[in-house]
Protein chains: 2
Amino acid sequence: MKVLTKKTDYAIRALLMLGSRRGEYVSAKTISTDQDIPYQFLRGLLQEMIRYDLIVSKEGAQGGFMMKKEPDEIPIAQLIEIFQGKVQVSECMFRKQICANRSRCVLRHEIMRIEQVVNSEFDKVTIGKLLRDLEAANGMAHGCG
Amino acid sequence: MKVLTKKTDYAIRALLMLGSRRGEYVSAKTISTDQDIPYQFLRGLLQEMIRYDLIVSKEGAQGGFMMKKEPDEIPIAQLIEIFQGKVQVSECMFRKQICANRSRCVLRHEIMRIEQVVNSEFDKVTIGKLLRDLEAANGMAHGCG
DNA sequence: ATAACTGATACTATATTGATATCAATTAAA
DNA sequence: TTTAATTGATATCAATATAGTATCAGTTAT
Ligand code: FES
Ligand code: FES
């Protein structure tokens with residue numbers, strides 16, 4: 001069970017990079033090289049994030065991408081939603097056969113509760129928070145792993 | 001983002017059925033028809049659950065499957081693990097380039113925390129609990145949805 | 001003018017998920 | 001003892017999702 005797909009993972013890393021260089025335009029190429037993300041794949045992700053108003057772009061030479069939204073206002077829950085779709089447990093048979101399969105309903109009830117827990121956890125972790133964690137880690141200047 | 005795949009979903013429903021008819025052998029065909037699960041697909045799931053000692057089988061006419069483990073001792077976290085693999089966030093670049101990508105580490109740290117929260121939630125929900133919920137729901141005998 | 005860029009989109013490859021098919025072995029019961 | 005109902009074990013296929021590539025037109029700093 002993979003919680004984060006490459007898309008979400010890359011998107012987060014790209015945002016962390018933009019977040020640490022606010023006010024300047026950073027090119028897709030720079031991000032791609034620095035974060036080791038396939039160039040064209042990254043381009044697609046960046047365009048998607050523009051559509052969601054997370055970042056802005058500038059075309060042409062010396063162009064690139066820049067944070068638009070406040071890092072603290074970007075929970076990774078949103079990125080998961082954008083790149084992996086809303087967290088859903090399993091489609092309900094509701095429409096097909098209303099409650100013919102009651103056992104399914106019970107399951108569904110429990111799972112929706114969990115879904116909320118999961119979502120609220122992912123909501124707590126914002127790009128801003130990660131950036132601060134990052135700074136702290138760099139400040140301490142010791143290896144990790 | 002799909003939390004439960006068909007496999008897990010079907011497995012849970014099959015177990016709920018076996019759990020509500022403990023002590024008797026229920027055939028794959030019966031489960032398949034009753035729960036609307038593709039027959040051969042279900043067979044595979046049942047065999048897998050035998051390997052994990054959740055259920056036992058009896059071959060031949062009047063054969064079928066029966067609960068082995070106590071329903072309260074089967075958290076759906078285990079079923080998710082069996083049918084969808086352990087919850088993992090995203091593979092760490094750790095081995096490739098040790099901490100060259102520190103931002104990834106920070107992310108990883110947060111995510112592993114969430115992973116624990118999620119797992120502990122899924123651990124709380126057992127087949128036994130779902131069975132009791134189910135009984136209660138049936139006892140109340142009113143529609144749901 | 002040109003090189004460094006993004007916008008937009010089409011395409012390919014690989015992996016995962018979901019489902020089906022087949023045949024041998026076992027067993028209850030006619 | 002035959003037969004029908006069953007599981008065991010695999011092989012195969014189809015559909016979908018994920019990951020990655022390629023191309024070309026348009027924009028802009030130098
Ligand atoms: S790169 Fe993963 S722990 Fe350092
Ligand atoms: S069948 Fe889904 S709510 Fe009743």
Side-chain angles (χ1 to χ4, degrees), chain A residues 1-14 18 24-33 35-52 54-66 68 79-91, chain B residues 1-14 18 24-52 54-66 68 79-80 82-91:
Chain A
M1 187 195 193
K2 215 183 302 177
V3 176
L4 298 188
T5 61
K6 293 280 184 190
K7 276 190 182 178
T8 309
D9 183 42
Y10 292 162
I12 292 172
R13 284 154 66 193
L18 294 183
E24 50 176 318
Y25 286 101
V26 184
S27 75
K29 191 188 171 195
T30 302
I31 300 173
S32 165
T33 304
Q35 299 290 325
D36 197 34
I37 303 173
Y39 179 67
Q40 294 293 359
F41 198 47
L42 172 65
R43 298 264 321 268
L45 304 179
L46 290 167
Q47 291 199 13
E48 189 75 2
M49 289 197 277
I50 289 174
R51 280 180 217 118
Y52 284 91
L54 303 184
I55 61 179
V56 290
S57 66
K58 193 177 94 176
E59 282 180 278
Q62 306 305 313
F65 302 86
M66 189 166 64
K68 180 173 182 188
L79 299 171
I80 290 177
E81 188 173 329
I82 292 173
F83 295 108
Q84 305 178 216
K86 261 211 163 69
V87 171
Q88 57 172 5
V89 177
S90 56
E91 341 85 60
Chain B
M1 185 196 194
K2 214 184 302 175
V3 176
L4 298 188
T5 62
K6 293 279 186 189
K7 276 191 182 178
T8 310
D9 183 43
Y10 291 163
I12 292 172
R13 284 156 63 194
L18 294 182
E24 50 175 318
Y25 285 101
V26 184
S27 75
K29 191 187 170 196
T30 301
I31 300 172
S32 165
T33 304
D34 196 87
Q35 298 290 325
D36 197 34
I37 303 171
Y39 179 66
Q40 295 294 357
F41 197 49
L42 173 65
R43 298 266 318 269
L45 305 179
L46 290 167
Q47 290 197 13
E48 190 75 2
M49 289 196 277
I50 288 174
R51 281 180 215 116
Y52 283 92
L54 303 184
I55 60 178
V56 290
S57 66
K58 193 176 96 176
E59 283 180 278
Q62 305 306 311
F65 302 85
M66 189 166 62
K68 179 173 180 186
L79 298 171
I80 291 177
I82 293 173
F83 294 109
Q84 303 177 218
K86 262 212 162 70
V87 172
Q88 57 173 6
V89 177
S90 56
E91 340 86 60

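Sequence lines set the chain letters: A, B, ... in the order given, protein chains first and strands last, and positions in each chain run from 1. Because the structure is predicted, anything quoted here is derived from the model rather than measured. The figures that follow rest on heavy atoms only: side chains count, while hydrogens, waters and symmetry mates do not.
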[X] [atom1] to [N] [atom2]: how many Å, rounded?
| X | N | atom1 | atom2 | value |
| --- | --- | --- | --- | --- |
| B:M66 | D:dT6 | CE | C1' | 15 Å |
| A:I55 | C:dT6 | CD1 | P | 10 Å |
| A:D36 | D:dA19 | CG | C1' | 14 Å |
| A:M49 | C:dG7 | CE | C1' | 15 Å |
| A:L45 | C:dA8 | CG | C1' | 15 Å |
| A:F65 | D:dT28 | CZ | P | 14 Å |

Rounded to the nearest 0.5 Å, how far does [atom2] of [Y] lie from [atom1] of [X]?
| X | Y | atom1 | atom2 | answer |
| --- | --- | --- | --- | --- |
| B:L45 | B:I50 | CG | CD1 | 11.5 Å |
| B:L42 | B:Q47 | CG | CD | 10.5 Å |
| B:K7 | B:L79 | NZ | CG | 13.0 Å |
| A:K58 | A:E24 | NZ | CD | 11.5 Å |

Whether the side chain of [X] engages the backbone of [Y] through a donor-acceptor N/O pair (distance < 3.5 Å, no angle test) should be reported.
| X | Y | result |
| --- | --- | --- |
| B:S57 | B:G64 | no |
| A:E48 | A:F83 | no |
| A:Q84 | A:V3 | yes |

Can you give one letter per nucleotide of nucleotides 15-30 of chain C, 5' to 3': B if a protein heavy atom sits under 4.0 Å from the base, S if only from the sugar-phosphate, - if neither? ---BBBBB---BBS--
Tell me, with the steps shown, if B:L18 and B:L54 meet side-chain contact (heavy atoms from CB on, under 4.5 Å). CA-CA 11 Å; B:L18 294 182; B:L54 303 184; over 6 Å; no
Partner set under ring pair (Phe, Tyr, Trp, His ring centres under 6.0 Å) for B:Y52, not counting sequence neighbours: none
Pick base, sugar-phosphate or nothing for A:G44, based on heavy-atom distances below 4.0 Å to the nucleic acid. nothing
Inter-end axis angle, the helix from C:dA1-D:dT30 to C:dA30-D:dT1, with every axis fitted to five base pairs (rounded, 10 degrees): 0°
Which nucleotide in the set C:dT6, D:dT7, C:dG7 lies at the smallest distance from any side-chain heavy atom of A:I50? C:dG7
